[in-house]
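Remarks on the structure that follows.
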Amino acid sequence: LVDFSMMLNRLDEAIAIGEYLLERDPTSFFCYHNLMVGYYRAQRYDKVGELYFASRALGFEHPTLTLLYGLALLELNEAEEALRQFDAVDLTSVRRPLRLAAYARAYWALNRRSEFDSAIAELRELEPIGAANVYALTGNLAAAFAIYDEQPKLPPELFAHFAMASAAV
């Protein structure tokens, strides 16, 4: 339910469900993860940090939780601490494009341009839309749109399919 509510961009609903589930199962990794994602998407970065430390107190040391916390730190303009968090855990279980995007954003915020350029180049090879999103988040809309424009276009009949699916929801 939490994921479905987030997919519909009903973030308050997703958070309420996530909090309810966490109250009932306060030792569930998935409850922490889903609620952290909900708080992150709702731009409640302080709550992401609170949940991160609560999950660590329970012994959860999953890299995705650290990645979420680091991304929240980036949004709070704490790039050095975000980078420390990224470096402190083994992020190899996290999809490589997600790791590259997180590091690229931290490097950009810290004005470490050569490391940013390396990370974004590799990300662009692996997942061009991920690179475009990083460019957009760092304010380089021209680079973002250039990548978006290079992507294959969806056929019109696919848009009709998506329209019917979203109307059913």
> If you round to the nearest 0.5 Å, how far is CG of L100 from CD1 of I120?
Replying inline: 8.5 Å
> Salt bridge or not for E78 and R84, using N-O below 4.0 Å?
Replying inline: no
> So, do L83 and Y107 sit near enough that their side-chain heavy atoms are less than 4.5 Å apart?
Replying inline: yes
> When clusters are formed by joining ILVMFWY residues with side-chain heavy atoms under 4.5 Å apart, either directly or through shared neighbours, do I129 and Y103 land in the same one?
Replying inline: no
> Aromatic rings F29 and F60: how do their planes relate, parallel, tilted or perpendicular, breaks at 30° and 60°?
Replying inline: perpendicular
> A106 and F86: which non-hydrogen atoms are nearest, and at how many Å?
Replying inline: CB-CE1, 4.3 Å
> Taking all non-hydrogen atoms of both residues, which atom of A79 and which atom of A109 are closest, and how far apart?
Replying inline: CB-CB, 3.5 Å
> Are L58 and F30 joined in one hydrophobic group, where the rule is that I, L, V, M, F, W and Y side chains link up if heavy atoms are under 4.5 Å apart?
Replying inline: yes
>> For L137, is there any backbone N or O sitting under 3.5 Å from a side-chain donor or acceptor partner on R105?
In response: no
>> Salt bridge or not between E150 and R124? Use side-chain N to carboxylate O under 4.0 Å.
In response: yes
> Between L21 and S28, is any pair of side-chain heavy atoms under 4.5 Å apart?
Replying inline: no
>> So, taking the atom named CG in L51 and the one named CG in L22, what distance separates them when rounded to the nearest 0.5 Å?
In response: 6.5 Å
> How about D12: does its CG atom have over 12 heavy atoms from other parts shown lying under 6.0 Å from it?
Replying inline: no
>> With rounding to the nearest 0.5 angstrom, report the CG to CG distance, L76 to L71.
In response: 11.0 Å
>> Let's go through I15 and K47 carefully: what are the C-alpha distance in whole Å and the side-chain angles of both, what is the deciding distance for side-chain contact (heavy atoms from CB on, under 4.5 Å) to 0.1 Å, and is it a yes or a no?
In response: CA-CA 11 Å; I15 289 169; K47 297 297 279 183; over 6 Å; no
>> Ignoring hydrogens, what is the shortest heavy-atom contact between M6 and N34? Give both atom names and the distance.
In response: CE-O, 3.7 Å
> Do Y148 and N133 have side-chain N/O donor and acceptor atoms under 3.5 Å apart?
Replying inline: yes
>> Tell me which one of Y52, Y40, Y69 satisfies ring-ring contact (aromatic ring centres under 6.0 Å, His included) with Y45.
In response: Y40
>> Let me confirm one number: the CG-CG distance from L11 to L8, rounded to the nearest 0.5 Å.
In response: 10.0 Å
> Hey, is CD on E50 packed in by over 12 heavy atoms from elsewhere, all under 6.0 Å?
Replying inline: yes
> Is it true that W108 and L141 fall in one hydrophobic cluster, defined by side-chain heavy atoms closer than 4.5 Å?
Replying inline: no
>> Check whether F116 forms a cation-pi arrangement with R112 (NZ or CZ under 6.0 Å from the six-membered ring centre, at most 45° off the ring normal).
In response: no
>> Are there over 12 heavy-atom neighbours, none belonging to E75, within less than 6.0 Å of that residue's CD?
In response: yes
>> If I compare all heavy atoms of A144 with all of Y135, which pair ends up nearest, and what's the gap?
In response: N-CB, 3.8 Å
>> I'd like to check M36 versus T64 (side-chain heavy atoms, cut-off strictly below 4.5 Å). Are they in contact?
In response: no
> Do you know the tightest heavy-atom contact between L67 and L98?
Replying inline: CD2-CB, 4.3 Å
>> Using only atom types and a distance under 3.5 Å, with no angle test, would you say the side chain of Q151 pairs donor to acceptor with the backbone of I147?
In response: yes
> Do side-chain atoms of R56 reach the backbone of E61 as a donor and acceptor pair under 3.5 angstrom?
Replying inline: no
>> If you compare all heavy atoms of A104 against all heavy atoms of V134, which two are closest, and at what distance to 0.1 Å?
In response: CB-CG1, 4.1 Å
> Looking at CD of E81 and CG of L74, how far apart are the two atoms once the value is rounded to the nearest 0.5 Å?
Replying inline: 10.5 Å
> CG of L126 to CZ of R96: how many Å apart, nearest 0.5 Å?
Replying inline: 7.0 Å
